[in-house]
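This report refers to the structure that appears directly beneath it.
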Amino acid sequence: MVDIVSSSQAIELEEKYGAHNYHPLPVVLARGEGVFLWDVEGKRYFDFLSAYSAVNQGHCHPRIIQALINQAKELTLTSRAFYNDKLGVAEKYVCETFGYQKALFMNSGAEANETAIKLARKWGYTKKGIPANQAVIVAVKKNFHGRTTTIISASTDPSSQNGFGPFMPGFEIVEYDNVAALEKALVNPNVCGLWIEPIQGEAGVYMPAEGYLKAAETLCRKHNVLLMMDEVQTGIARTGKMLASDYEGVRPDLLILGKALSGGVLPVSLVLADDEVMLVIKPGEHGSTFGGSPLASAVVMEALQVIKDEKLADATYKLGIIFRERMNNLISKTHLIKLVRGKGLLNAIIVNDVPDSDTAWRLCEQFAEHGLLAKPTHGNIIRFAPPLVITEDQLHECCDIIDKVVLGFKK
Ligand code: PLP
């Protein structure tokens with residue numbers, strides 16, 4: 001094995017031996033704690049991406065790491081061929097936390113979305129009476145639910161789809177944030193599910209108008225359609241409430257979670273539903289070797305308990321307001337940025353430039369030079385999503401860095 005002594009050495013190895021399916025900033029990280037990351041050379045950064053919102057509780061949260069270690073010493077994996085002494089406890093915990101009757105653990109966010117698709121379709125055939133193989137799931141433009149072949153079949157992003165066909169049938173795509181489009185689409189009696197993100201994170205933190213989610217829920221009830229809410233990125237306090245759906249008092253029929261469920265410690269995802277929906281899947285019809293492992297179960301409970309004990313949703317709500325105030329103040333002093341939008345600590349700034357210019361990328365390079373790590377999502381949009389354990393002072397320090405870089409930026 002090679003000992004990494006420099007960033008360039010690590011980058012060279014990844015370039016040579018790794019698939020080129022990402023385009024990272026040239027920073028090589030070796031250690032993390034709370035809101036901070038350190039590179040191989042020992043330089044410290046504020047993390048303003050949180051592993052795409054998986055590290056809401058902060059890097060290497062001591063309680064979560066301790067839960068991981070304790071459980072790893074006892075039992076890590078049994079498969080679901082047998083019962084284990086942690087899964088039922090974790091299922092009860094998440095059902096009570098989010099208010100559902102049943103839980104189904106998977107690993108990645110994409111897998112949880114796939115699970116929700118299967119549940120919605122099976123429910124459509126067995127409960128709604130949709131003729132075999134005719135079920136339709138309504139999805140929205142600019143969605144992001146993962147990278148599997150079924151999920152990308154519902155994507156409208158060319159970089160997700162191009163070259164990966166043929167695609168899975170059974171999706172109808174409508175405008176996001178357009179209630180009239182939903183009204184039209186959900187009338188089709190073959191529709192079993194409406195599949196949405198409460199805020200479109202990957203697309204660039206697009207927020208629907210207030211009332212859209214509630215209207216979507218009402219229409220789902222009216223037309224006997226399951227509301228499938230993908231809160232993989234927005235859930236677990238990221239937007240200033242435990243779920244982004246909570247802002248409108250919406251209760252999805254299928255709640256899809258991932259990322260920060262484990263505090264970024266290991267891949268754990270989850271679908272929550274009531275019996276009427278979850279029990280349509282019978283033994284042998286769906287599963288995963290690692291899903292619901294004792295290790296994941298122990299980690300999830302601790303990771304969620306940290307969110308509750310540290311009151312991270314409330315703190316995030318308040319910090320989000322401060323952050324957007326600071327960004328709006330910056331916008332009043334520069335033409336380089338035209339907008340900030342978001343909820344809680346899921347925010348984006350829109351760089352005032354053509355969408356495919358390299359300005360956002362170059363800004364992120366300069367943020368990194370000044371000790372703050374963020375990344376553009378889709379051309380001219382930069383997402384800012386620090387760990388939720390960031391303090392108000394630290395947030396101001398980060399806003400100072402953003403101000404300095406933006407105001408000093410030369411094209
Ligand atoms: N759904 C949403 C809303 C996401 O943001 C993501 C990842 O960014 C996913 C699903 C996919 O999750 P994973 O990368 O764990 O498969």
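Counting starts at 1 for both ligands and their atoms, following the listed order.
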Does [X] come within less than 4.0 Å of [Y], counting only side-chain N to carboxylate O?
X: D157; Y: K141; answer: no
X: R326; Y: D403; answer: yes
X: E114; Y: K118; answer: no

In terms of the angle between their ring planes, are Y212 and Y176 parallel, tilted or perpendicular, with boundaries placed at 30° and 60°?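 Perpendicular: the ring planes of Y212 and Y176 meet at over 60°.
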side-chain hydrogen bond (donor to acceptor under 3.5 Å, both in side chains): pairs with one or both residues in residues 59-84, sequence neighbours excluded: D47-H59, H61-E310, R63-E302, R63-D309, Q66-N70
How about F384 and F323: are their ring centres within less than 6.0 Å of each other? yes
Pairwise, report which nitrogen or oxygen atoms of ligand 1 are under 3.5 angstrom from protein nitrogen or oxygen atoms, and how far apart they are.
residue  : atom   : partner : partner atom : Å
ligand 1 : 1 (N)  : D230    : OD1          : 3.3
ligand 1 : 1 (N)  : D230    : OD2          : 2.7
ligand 1 : 5 (O)  : Q233    : NE2          : 2.7
ligand 1 : 8 (O)  : K259    : NZ           : 2.8
ligand 1 : 15 (O) : G109    : N            : 2.8
ligand 1 : 16 (O) : G109    : N            : 3.3
ligand 1 : 16 (O) : A110    : N            : 2.8

